[in-house]
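Just below is one structure, and these are the notes that go with it.
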Amino acid sequence: MHELTWGLPVILYLFLGGMGAGAGAVSGSIFLRSGGGDLAGSSFRFARWGAMLAPVLVIIGTGMIVFELGSFQAGNYFRFINLFLTINLSPMSIGSWVLALFILVSLAYAYTFINRNAHPGDELQKLRKMLAWAMVPLGVGVALYTGILLGAMPARPFWNSPILAMLFLVSALSTGVAGILLVRALFGRKQVISKESFEHHSYILGSSDMLLIGLEILVIFLFVMYAHLTIGNVEAAVSVIMGGELTTLFWLGFVVLGLLLPAAIEMKYVMPTLLYQKEYSIPRTMEIVICALVLVGGFMLRYIVVIAGQVTGPTGI
Amino acid sequence: MSESKPQVSRRDFLKKMASGSAVAATATAAPGMAISAARPKRYAMVIDTRRCIGCQACSVACKTENDVPLGETRSWVEYIEKGEFPNVRRSFLPRLCNQCEKPQCVAVCPTGATYKRQEDGIVVVDSDVCIGCKYCIQACPYGMRYINPKTGTADKCDFCLHRVQNGIVPSCVNTCQGRARIFGDLNDPDSEVSKLIATNATTVLRPEMGTEPMVYYIDADHADQRDAAKQGIYIRIETNRRQKERV
Ligand code: SF4
Ligand code: SF4
């Protein structure tokens, strides 16, 4: 078995960074889709939650990997600046630049929302709209890069798959949505202006979360299927989740607890509205439970993938 | 490669002779000297496992020469035991950084701290630039890299660059009493490594990784535990590095 070169800080970074990037991208897109927030008042508040969440999560995550750097631990606290003195085709190099850009833009974006009286059409609206346009591709970029980072190495057959980046992207968006829903369910009750629009937005987010989880299940299916169909190094590596030491964690912890269960609960509430235009209503506790499950699933995914990639390697010599 | 070069210049030579360019003709008349002076070196190592007795002198020499921190290894020897008594064989596999032609560690390094030297093909780490992100450790298919606890930066075998630059062979080669490790320039067709590669069946480790190693093995046993299960034989691999398993 290999040593774990990348531990919990990297796992947390991939999880928090992905979630923050997802929240940022979702916030930007919600904001833009409601005509820059002018059309529906609560889309604006909705986007606001995402805008607040994005930089906080990504900065915490990024801080974690700075502590993990060997140079930092050896006392060269600012050596990481070297990342920004050059740019090359390494996924980490490009990723660092995108990440830095995301942090700056998301901070500015959050700033446009920070005022309690921020509302659609205020003096910051133009800037806000511009930044929202940037948030979407940057958020997607950061989320994708976390997967490309791991996928770039033939020496790690478990990671070395183009679908990993896709998986991380979908998971980032879904945890981002769950993150927004969660803080909104926890802290957003006081700001409810009209119950209908609050529920309406719960519905929109809930159903898109369901969609994303469905997509994630599909991507996981493809990952596992091709792992099953392949031979050699990849087959040997993927066997850690197909009977190996991480099997239970993967299938119970991630697939059942983090994907199927929240998807099933969401379906129960979303389907009547989706199919029969029934009025959407979901108990707040249920919403919190779903979000918590999705977040646990997102963390499990990063945890399992990061560990599995490191405990497996090429076979033979 | 080293074989095709003289051919090209000979053809060049004939062509230029035919076109009547006297200047060009004199310039190419003595290609050997002129070209090898300007031509970059391509250092390689041939490890003749038939001559290795597994004494670990190279491992020790390396640790001393390069002040390798306790617990880490730049070069080590793996013992491969196979078969049941009385049909047994024990063979040895000395390991070191392969100074790959297509180094994965270089491909992923975000700071450019790890790079392959143009002039001799040795892959080195600039410890003043490296941030210790450990990406290269993940990317090397041979588990050759470690973080040096003193500097917090990535470290690995560099063919004893400080020695090679001064015209002497790496410490492990110097100390190997069986002469199992042979070091030299692949761009020089007369070097011992070039001749050994030309006249022996050689293999490299994990060729499917696409790294094109510059460390060649003669008669290396590539069997591992998976082969053991497949062939129903006993195989045990032992290594003296910190991670007691082959990675
Ligand atoms: S063996 Fe590993 S560390 Fe050495 S050059 Fe090849 S990829 Fe890099
Ligand atoms: S640990 Fe150093 S040498 Fe290795 S990839 Fe990171 S910056 Fe480059």
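The model shown is predicted, which means the values in this text are computed figures rather than measured ones. Below, chains carry the letters A, B, ... as their sequence lines are ordered, and counting in each starts from 1.
More than 12 heavy atoms of other shown residues, nucleotides or ligands fall within 6.0 angstrom of atom CG in A:Leu85. Taking a 6.0 Å sphere around CD1 of A:Ile231, one finds it holds 12 or fewer heavy atoms contributed by other residues, nucleotides or ligands. Residue B:Arg179 qualifies as open at atom CZ: its count of foreign heavy atoms under 6.0 Å is 12 or below. For A:Phe84, the CZ atom sits in a packed shell: over 12 heavy atoms of surrounding residues, nucleotides or ligands are nearer than 6.0 Å. For CZ of A:Phe67, the number of neighbouring non-hydrogen atoms (other residues, nucleotides, ligands) closer than 6.0 Å is 12 at most. Environment of CZ in A:Phe80: crowded, with over 12 heavy atoms of neighbouring residues, nucleotides or ligands closer than 6.0 Å.
Of the listed residues (B:Lys134, B:Gln138, B:His222), the one with the most heavy-atom contacts under 4.5 Å to chain A is B:Gln138. When each of A:Ala236, A:Gly309, A:Ser71, A:Ala74 is checked for heavy-atom pairs under 4.5 Å with chain B, A:Ser71 comes out on top. When the candidates B:Asp224, B:Asp227, B:Leu93, B:Thr151 are compared by the number of heavy-atom contacts under 4.5 Å with chain A, B:Asp224 comes out ahead.
Nearest heavy-atom pair, A:Ala155 versus B:Ala139, reported as atom, atom and distance to 0.1 Å: CB-O, 3.2 Å. Heavy-atom minimum distance, B:Arg206 versus A:Thr315: NE-O, 3.9 Å. Among all heavy-atom pairs drawn from B:Pro141 and A:Pro314, the shortest one is O-CG, 4.2 Å. When all heavy atoms of A:Arg79 and B:Thr153 are compared, the closest pair comes out as NH1-CG2, 4.0 Å. The shortest heavy-atom contact between B:Ile131 and A:Asn82 is CG2-CB, 3.8 Å. Between B:Pro110 and A:Thr86, the shortest heavy-atom contact is O-CG2, 3.7 Å.
Contacts between B:Thr203 and chain A at a heavy-atom distance below 4.5 Å are absent for every atom of the residue. Only the side chain of B:Glu208 comes within contact range of chain A, with at least one heavy atom under 4.5 Å from a heavy atom of that chain.
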Exercise. How far apart are the C-alpha atoms of A:Ile317 and B:Arg95, what are their side-chain angles, what is the distance that settles it, and do they pass the side chain to side chain contact (heavy atoms under 4.5 Å, CB included) test?
Worked result: CA-CA 11 Å; A:Ile317 192 70; B:Arg95 302 279 307 270; 3.4 Å; yes

Problem set entry | side chain to side chain contact (heavy atoms under 4.5 Å, CB included) between B:Met209 and A:Asn233, intermediate numbers included | CA-CA 10 Å; B:Met209 287 292 129; A:Asn233 286 342; 3.3 Å; yes

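One N or O on the side chain of B:Tyr135 and one on the backbone of A:Leu149 form a donor-acceptor pair closer than 3.5 Å.
We find the SG-CH2 distance between B:Cys133 and A:Trp6 to be 7.0 Å, quoted to the nearest 0.5 Å. The structure places CD of A:Gln310 at 10.0 Å from CD1 of B:Ile137, a figure rounded to the nearest 0.5 Å. Rounded to the nearest 0.5 angstrom, B:Gln104 CD and A:Met153 CE are separated by 9.0 Å.
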